[in-house]
Amino acid sequence: AGDARDEPLRKDARKRRGELDARIICFMLVCRQRYNTIPKNTKLSNSMRKNIVIFGFPSTGKSTLIQSVIARAPNAAGFFTREVRSWRRRVGFEMVSSDRETGVIAHVNFPHQARTGRFGIRPDVIERVIAVQFDPTDLLYIDEIGEIQLSSPGFADVVTQFLNSDNTCVVTLSAVYKCPLIENVKTRSDVILVELNRTNRHSCGAYVSSLIGKIAKARGYASDRSRWTILDNSAHLRSKHDDRLLVRSGSAWSCSCDFY
């Protein structure tokens, strides 16, 4: 009896999942409007998004978030930066890669000419750790693009390589440090931009992992020609859960779902 009573709820849940899947496909493939049902600080532009950029102020949990996302991914490649502490005092930064390369990239005791604030920087260590090998199925990650990391001449090239690859890439940025590369990354047309703060940091990991899953599903739909009927100014998508009609008027697209 309990199962019978629960069946309408299960049907409604399946319907809602189908609607969300169709909506993700629509915004990633053709739609230009803002995706209003995800957190208000998430910004979208007008082409398919495959990269996720997370930005926030120091101590909001960017590194913790990206490590939780990596833990959920079956295959991941990249590198993250973590603090080095002595007696509860931050004395440097260490970088760790998926290839098991590690190294202290900045420290208060480094007497190097390259410096950021009180930290001496080792660009050669950064170069060694970021030389990561990855496969086409890997989720790529970079934590973070910051002033210390950019002291390495090759770091910007690796960032561009990751973002321009066919892989999905998750990147963290500091909201404090600004430079042309960071502004370029934030304004790329293939980026979903998510602000992390103290209010949403406990739920943001699951949200980003969900986005990654939706991107993977969108890729599958986009590459499956049997699901699409394309006309001059319209497209018909047959998803696993429902059918959607997308219509173009001028340079804008609209979808038959209630979402747009």
Side-chain angles (χ1 to χ4, degrees), residues 51-73 75-134 138-163 165 167 169-186 193-198 201-202 204-205 208:
N51 299 315
I52 302 169
V53 172
I54 303 158
F55 73 100
F57 286 95
S59 300
T60 51
K62 297 186 295 297
S63 296
T64 301
L65 185 152
I66 205 165
Q67 289 178 55
S68 72
V69 169
I70 295 165
R72 293 182 175 99
N75 304 294
F79 43 87
F80 63 86
T81 307
R82 61 189 179 192
E83 293 182 346
V84 176
R85 288 186 170 269
S86 176
W87 297 96
R88 298 185 180 182
R89 177 173 173 262
R90 185 173 65 188
V91 295
F93 295 92
E94 181 183 35
M95 187 174 279
V96 181
S97 82
S98 55
D99 290 340
R100 299 185 179 181
E101 289 285 343
T102 64
V104 177
I105 61 173
H107 201 278
V108 293
N109 294 332
F110 285 171
H112 292 77
Q113 184 175 1
R115 304 195 67 82
T116 296
R118 60 194 181 96
F119 299 106
I121 303 172
R122 289 285 303 273
D124 58 317
V125 176
I126 299 173
E127 295 279 329
R128 172 174 59 82
V129 177
I130 65 176
V132 172
Q133 302 296 316
F134 60 88
D138 287 338
L139 171 69
L140 304 184
Y141 60 92
I142 298 174
D143 173 48
E144 63 180 59
I145 303 175
E147 186 175 8
I148 290 175
Q149 293 84 352
L150 286 170
S151 67
S152 159
F155 187 83
D157 292 335
V158 172
V159 171
T160 302
Q161 178 194 14
F162 275 33
L163 292 174
S165 72
N167 301 55
C169 183
V170 183
V171 177
T172 65
L173 304 174
S174 171
V176 175
Y177 181 66
K178 301 183 187 304
C179 71
L181 176 67
I182 287 178
E183 292 309 306
N184 176 265
V185 168
K186 291 170 69 174
L193 187 59
V194 180
E195 180 179 358
L196 180 68
N197 53 51
R198 295 182 183 276
R201 64 180 178 179
H202 296 298
C204 212
V208 171

Between CG on residue Leu193 and CG on residue Leu173, distance to nearest 0.5 Å:
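So the gap between those two atoms works out to 7.5 Å.
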
Phe55 side, atom CZ; Leu196 side, atom CG - distance, nearest 0.5 Å:
9.5 Å

Any sub-3.5 Å donor-acceptor pair from Ser98's side-chain atoms to Gly78's backbone N or O?
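Judged by distance alone, yes, a pair lies under 3.5 Å.
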
Okay, side chain of Asn51, backbone of Cys169: is any donor-acceptor separation there less than 3.5 Å?
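At least one qualifying donor-acceptor pair exists.
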
A side-chain contact here means heavy atoms from C-beta on lying under 4.5 Å apart; do [X] and [Y] qualify?
X	Y	result
Gln161	Phe134	yes
Tyr177	Ile145	no
Ile148	Ile105	yes
Val170	Val53	no
Val185	Leu163	yes

What are the two closest non-hydrogen atoms of Phe162 and Ala77, and how far apart are they?
CE2-O, 4.1 Å

Taking only residues two or more places apart in sequence, or in another chain, which ones meet Phe110 in a ring-ring contact (aromatic ring centres under 6.0 Å, His included)?
His107, His112

By salt bridge (charged side-chain N to carboxylate O under 4.0 Å, His left out) - contacts of Arg85 (at least two apart):
Glu83

Report the C-alpha distance between Val129 and Thr102 in whole Å, list the side-chain angles of each, state the deciding distance to 0.1 Å, and finish with yes or no for side chain to side chain contact (heavy atoms under 4.5 Å, CB included).
CA-CA 6 Å; Val129 177; Thr102 64; 5.9 Å; no

